[in-house]
Asker: 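Once you've had a glance at the structure underneath, I'll fire off some questions.
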Amino acid sequence: MRIITWNINSLRIRLPHLQRICGQLNPDVVCLQETKVPNDSFPEREIQQIGFPHLHFTGMKSYNGVAILSKIPLSASHTKNWCGKNDCRHISAELPSGTELHNFYVPAGGDTPDPNTNEKFKHKLDFLGEMKEWFATIEPAQRILVGDLNIAPLETDVWSHKQLLNVVSHTQVEVETLDDVMQSHNWIDAVRKFVPKDECLFSWWSYRNRAWPGSNRGRRLDHIWVTQDLAANLKATQIFMEARGWQKPSDHVPVVIDIEE
DNA sequence: ATGGTGGAAGGTCCA
């Protein structure tokens, strides 16, 4: 089974890219973040024409929004509110095997990495804390977690470790908090299972750096994790960089995993 | 120190 996660940054304007990506990669399941579309405007017909009859989504006006598109029927999906906000950052469904698939859009965290002065950064850390707590308390199961986690944990997940140490997405407190979430549930970083830790790996390049891909100032903000018991089922991974070079791209590119299901 | 770009909106807010 091939699963893709992609922060699409507006589903409605990026439908042609979605179609092109699915034509080239032929995924079974696509998990999207930042769909930026309310449920009553979700382009169901267009996506079904791309080849996904089974749609699960939760969206709101202007911001956030997550969706799971599938070629195969999934269980009924669930959404959950985080940090007391109804802001459409999580949706989950079960694959036919019973494996749970969780799609997350973690808050970006604003500009200043200080929870005392920056409410958005506090929200980000609180959100991660709630993830850790929740996964520690629910029933054990085979799980896949994907999404835009808005954190680049390894030194090789950013273009310059030193220059980004005080930049939101790569600060020590974020990396430690994310590690804490991972360890609390025995999550495995599925992509890094295939790519050595000393090799740079990015999934996002800022719109504000027009020199891409020459300067390659990227970060790996998009992740695929699996529970320990699924690690042996992982077959391959891919980061679909070429999509960043297309006309009117998202600032994120799809991250792909092939897993025996 | 600032601004650089893009999306949703039709103000600015958010990334």
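These numbers were taken from a predicted model, which means no experiment stands behind them. Every chain is numbered from 1 and lettered A, B, ... according to where its sequence line falls, protein lines coming before strand lines.
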Asker: Check the distance between B:dA1's C1' and A:Asn166's CG and give it to me in whole angstrom.
Answerer: 15 Å

Asker: At their closest point, which heavy atom of A:His252 faces which heavy atom of A:Asp222, and how far apart are they?
Answerer: ND1-OD2, 2.8 Å

Asker: Between A:Pro38 and A:Asn209, name the one whose nearest nucleotide on DNA chain B is closer to the 5' end.
Answerer: A:Asn209

Asker: Separation of A:Arg12 atom CZ from B:dG6 atom C1', in whole Å?
Answerer: 16 Å

Asker: Measure CE/A:Met60 against P/B:dA9 and give the value in whole Å, please.
Answerer: 11 Å

Asker: Pick out the pairs of N or O atoms, protein on one side and nucleotides 13-15 of chain B on the other, that lie under 3.5 Å.
Answerer:
from: B:dC13; atom 1: O2; to: A:Tyr63; atom 2: OH; distance (Å): 3.4
from: B:dA15; atom 1: N6; to: A:Arg208; atom 2: NH2; distance (Å): 2.5
from: B:dA15; atom 1: N1; to: A:Arg208; atom 2: NH2; distance (Å): 3.0

Asker: Please list all pairs meeting ring pair (Phe, Tyr, Trp, His ring centres under 6.0 Å) that have one or both residues in residues 2-24 of chain A, counting only residues at least two apart or in different chains.
Answerer: A:His17-A:Trp246

Asker: A cation-pi test, strictly: NZ or CZ of A:Arg217 under 6.0 Å from the centre of the six-membered ring of A:Trp159 and no more than 45 degrees from its axis. Yes or no?
Answerer: yes

Asker: For A:Lys61 and B:dG7, give me the distance from atom NZ to atom P, rounded to whole Å.
Answerer: 19 Å

Asker: Using atom P in both nucleotides, what's the gap between B:dG6 and B:dT2 to the nearest angstrom?
Answerer: 23 Å

Asker: Would you give the length of the straight line joining atom CD of A:Gln142 to atom OG1 of A:Thr227, rounded to the nearest 0.5 angstrom?
Answerer: 6.0 Å

Asker: Just by distance, with hydrogens left out, do A:Glu34 and A:Asn7 show a side-chain donor and acceptor under 3.5 Å apart?
Answerer: yes

